[in-house]
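The figures here come from the full heavy-atom set of this structure, side chains too, leaving out hydrogens, waters and symmetry mates. Not measured: the values here are computed from a predicted model.
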Amino acid sequence: MDQHNSHHQPELRVYLRVWLWLFVLSVLSYLVDVSGLEGLPKWGLITLFMLLKAGLIVAFFMHMAWERLSIIYTVLVPPGVLLFLAALMAMEANYTLSSRLALFVN
């Protein structure tokens, strides 16, 4: 059997562990919600648990953990593009602010 053509399928216990971790993270998220925390700590923890669950789902159920190039294209390229666009917006905002301030000075 050619090793390059075979698709690596993880064992069932890997999926069971992922399901268990998803359950644990969901319980922790629920406990944070009912714990009485308010404001940034509450939403920070809930967002952290949400991102961890999303990472597990993408890595294991979308099989990204076994495809290095897919992880690079899926995880790194979109935030890189968004950061580039945010930098462009910041430069334009700086130009607009400086041009408006120049009108007030004159």
Side-chain angles (χ1 to χ4, degrees):
M1 186 167 153
D2 188 22
Q3 201 171 23
H4 296 289
N5 291 334
S6 66
H7 179 70
H8 175 69
Q9 183 67 26
E11 297 179 12
L12 182 61
R13 69 176 174 209
V14 172
Y15 286 109
L16 292 176
R17 283 186 190 150
V18 171
W19 276 108
L20 178 68
W21 276 110
L22 288 171
F23 178 76
V24 168
L25 290 171
S26 295
V27 168
L28 290 174
S29 180
Y30 175 76
L31 290 175
V32 166
D33 194 33
V34 298
S35 69
L37 281 175
E38 292 297 326
L40 189 60
K42 175 183 179 178
W43 293 111
L45 285 171
I46 289 175
T47 303
L48 174 70
F49 293 140
M50 175 193 64
L51 289 173
L52 289 173
K53 289 191 295 185
L56 281 172
I57 290 168
V58 167
F60 289 97
F61 296 115
M62 295 177 68
H63 303 283
M64 293 289 181
W66 297 277
E67 300 177 14
R68 302 270 185 223
L69 194 57
S70 296
I71 288 178
I72 292 171
Y73 288 145
T74 305
V75 174
L76 297 179
V77 171
V81 170
L82 289 175
L83 286 173
F84 174 73
L85 292 173
L88 285 177
M89 288 188 290
M91 288 189 305
E92 183 173 352
N94 188 27
Y95 171 75
T96 303
L97 179 64
S98 62
S99 65
R100 289 181 181 173
L101 290 176
L103 287 175
F104 284 119
V105 171
N106 294 332

In short, side chain to side chain donor-acceptor pair (under 3.5 Å) pairs touching residues 80-89 with sequence neighbours left out are none

Decide whether [X] and [Y] are clustered together by the hydrophobic rule: side chain heavy atoms of Ile, Leu, Val, Met, Phe, Trp, Tyr closer than 4.5 Å, transitively.
{"X": "Met50", "Y": "Leu20", "answer": "no"}
{"X": "Val32", "Y": "Leu48", "answer": "yes"}
{"X": "Val24", "Y": "Val18", "answer": "yes"}
{"X": "Tyr95", "Y": "Met89", "answer": "no"}
{"X": "Ile57", "Y": "Leu28", "answer": "yes"}

The complete set of salt bridge (charged side-chain N to carboxylate O under 4.0 Å, His left out) pairs with one or both residues in residues 22-37, sequence neighbours excluded, reads Asp33-Lys42

With sequence neighbours left out, the residues meeting side-chain contact (heavy atoms from CB on, under 4.5 Å) with Arg100 are Thr96

Those residues at least two apart in sequence (or on a different chain) that pass side-chain contact (heavy atoms from CB on, under 4.5 Å) with Leu83 are none

* Asked: Does the side chain of Leu52 come within less than 4.5 Å of Leu56's, by heavy atoms?
  -> no

So ring-ring contact (aromatic ring centres under 6.0 Å, His included) across residues 17-45, not counting sequence neighbours, yields Trp19-Phe61

For Leu22, is there any backbone N or O sitting under 3.5 Å from a side-chain donor or acceptor partner on Ser26? yes

Taken to the nearest 0.5 Å, the spacing of Leu45 CG from Leu40 CG works out to 9.0 Å

Sorted by chain and number, sequence neighbours left out, side chain to side chain donor-acceptor pair (under 3.5 Å) with Ser35 holds for none

